[in-house]
Q: 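Dropping the structure in here first, questions after.
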There are 2 protein chains.
Amino acid sequence: MKSNIRPGTTKIPRAIFPAPDHDHERCASTAIAYAETQCAARGQRLTPMRRHVLEALLASHKPLGAYEIIERLANKNGRPAPITVYRSLDFLRENGLVHRIESRNAFVACGHNHAGDDLVVFLICERCGAVGEAPGGGVAEALRASSRAAGFSPKNPLIEIVGICSHCRE
Amino acid sequence: MKSNIRPGTTKIPRAIFPAPDHDHERCASTAIAYAETQCAARGQRLTPMRRHVLEALLASHKPLGAYEIIERLANKNGRPAPITVYRSLDFLRENGLVHRIESRNAFVACGHNHAGDDLVVFLICERCGAVGEAPGGGVAEALRASSRAAGFSPKNPLIEIVGICSHCRE
DNA sequence: CACTTTTATGTTGCGCTGCAGCAAAAAGCG
DNA sequence: CGCTTTTTGCTGCAGCGCAACATAAAAGTG
């Protein structure tokens, strides 16, 4: 199936919290296209199931629990089993397309607001539930310093902050 | 508004990761004594149940799941119901005596390595499972800056880092 | 092409997590 | 002492997460 996004789109500075009235159709299809590219480049297969899971997450812009995803994928052909969704989520996470929000037992599509292995700071709006990804450059440094002071060799920092997002504050 | 309490204990330089051979008997009883003082000062009751839960956590120096705690509290008189333990954990958390490690769905006794409302950085050793609490002074600053850049008003930062602790590295 | 190997999905089942709702017991108070 | 508030016990349940095994689909191979 052919996508109707324009290939030559220049990189738009992405808002950390998408405006309520943003062109969602487009933002989702861009993300799917990126996922395809990414998987192809890594020799991984973005199967229909995996794509469906990613689409469900993209459609919400909010973290979804695994069983919420199941709910949204349910149709007249029945619903996927939990394990099926969990496996797709594992795949998507391994390929940097989905994050897990630990404090909520939920998952969110990656906003790609950060370079590959960099530290990500998740900003969780307690009002609308949206999750933003802020680049954590300076934080990473401070964190490494603090860790080393404790004789600790850090690996995967996880930062989640609850608060009020820019749109809900207005 | 909650600054009326000042721990009267002289500040002992507390290792972030307790040495494997430290005087555990003493470290636990000190923590219990502190909990009693703290609760008394706040007009809260450290009941036997709550104390047992705290003791179980202190005895392990590692995060325990709720059902692990139940297991350790079980005796010839039977075992506490999950809800009972969860309620005690809620109480202990509200009074700053226990932390929840979100990425593990587990709980750990507070090491008091941080001032009351300050940011805490949890260092989780992937080898021995121990959890250290590093003061997050510099990190908090960087975090606030990063948040504000995104138009986000932060409330409860949560930082958990997986890595190797000082003792396991040797 | 048939055949093997690898990868992905479906099915069943189960243990852990976390709490709601109500009842009983214990502690605090006039 | 009665009365209120707090705490604990009991029953039950929904969401989370995955193990173990079976089947199907894709990819590699001669």
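Numbers restart at 1 for each chain; the letters A, B, ... are given by sequence-line order, proteins then strands. Only this structure's heavy atoms are used, side chains among them; waters, hydrogens and symmetry mates stay out.
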Q: According to a hydrophobic-cluster definition based on side-chain heavy atoms being under 4.5 Å apart (Ile, Leu, Val, Met, Phe, Trp, Tyr only), do V121(A) and I16(A) belong together?
A: yes
Q: Are C27(A) and H24(A) packed together at the side-chain level, in the sense that at least one heavy-atom pair is separated by less than 4.5 angstrom?
A: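 They are in contact (side-chain heavy atoms under 4.5 Å apart), so the answer is yes.
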Q: Tell me whether I83(A) shares a hydrophobic cluster with I70(A), the cluster being built from Ile, Leu, Val, Met, Phe, Trp, Tyr side chains joined at under 4.5 Å.
A: no
Q: Could you go through residues 84-98 of chain A and list every donor-acceptor pair under 3.5 Å that involves a side-chain atom there, pairing it with any protein atom two or more places apart or in another chain?
A:
| unit_1 | atom_1 | unit_2 | atom_2 | d |
| --- | --- | --- | --- | --- |
| S88(A) | OG | T84(A) | O | 3.4 |
| N95(A) | OD1 | R42(A) | NE | 3.4 |
| N95(A) | ND2 | F91(A) | O | 2.9 |

Q: If you take any heavy atom closer than 4.0 Å to DNA chain C, which residues from residues 78-89 of chain A end up in contact?
A: A81(A), I83(A), T84(A), R87(A)
Q: Output a table of donor-acceptor pairs, distance under 3.5 Å, between side-chain atoms of residues 133-142 of chain A and any protein atom two or more places apart or on a different chain; print 'none' if there are none.
A:
| unit_1 | atom_1 | unit_2 | atom_2 | d |
| --- | --- | --- | --- | --- |
| E133(A) | OE1 | G111(A) | N | 3.4 |
| E133(A) | OE1 | H114(A) | NE2 | 3.0 |
| E133(A) | OE2 | G111(A) | N | 2.7 |

Q: Checking all strands, does R100(A) fall into the base, sugar-phosphate, or nothing category for heavy-atom contacts under 4.0 angstrom?
A: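 Here R100(A) touches the backbone only, sparing every base.
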Q: Rounded off to whole Å, could you give me the CZ-to-C1' distance for the R51(A) and dA8(C) pair?
A: 16 Å
Q: Rounded to the nearest 0.5 Å, how far apart are OG of S103(A) and CD1 of I101(A)?
A: 6.5 Å
Q: Roughly how far apart are C168(A) SG and F17(A) CZ, rounded to 0.5 Å?
A: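 It is 8.5 Å, given to the nearest 0.5 Å.
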Q: Is any NZ, NE, NH1 or NH2 atom of the basic residue among R104(B) and E102(B) found under 4.0 Å from an Asp or Glu carboxylate oxygen of the other?
A: no
Q: Considering only heavy atoms, which members of residues 62-71 of chain B lie under 4.0 Å from some atom of DNA chain D?
A: none
Q: Tell me the closest heavy-atom pair linking R144(B) and P154(B), and the distance in Å.
A: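 That would be CG-CG, 4.4 Å.
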Q: Please state how far atom NE2 in H52(A) lies from atom P in dT9(C), giving the value in whole angstrom units.
A: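 Interatomic distance, NE2 of H52(A) to P of dT9(C): 10 Å.
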Q: Once you round it to whole Å, what is the distance between P of dC16(C) and CZ of R104(B)?
A: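 It works out to 17 Å between those atoms.
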Q: How would you give the extent of chain A contacts on DNA chain D, as first and last nucleotide 5' to 3' within a 4.0 Å heavy-atom cut-off?
A: dC16(D) to dA26(D)
Q: Under a 4.5 Å cut-off applied to non-hydrogen side-chain atoms, are I161(B) and I159(B) in contact?
A: yes
Q: Assign each of F107(B) and P48(A) to its nearest nucleotide of DNA chain C by heavy atoms, then name whichever residue's nucleotide is nearer the 5' end.
A: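 Its nearest nucleotide lies further toward 5', so the answer is P48(A).
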Q: List for me each residue that meets side-chain hydrogen bond (donor to acceptor under 3.5 Å, both in side chains) alongside S153(A), sequence neighbours excluded, and say none if there are none.
A: R169(B)
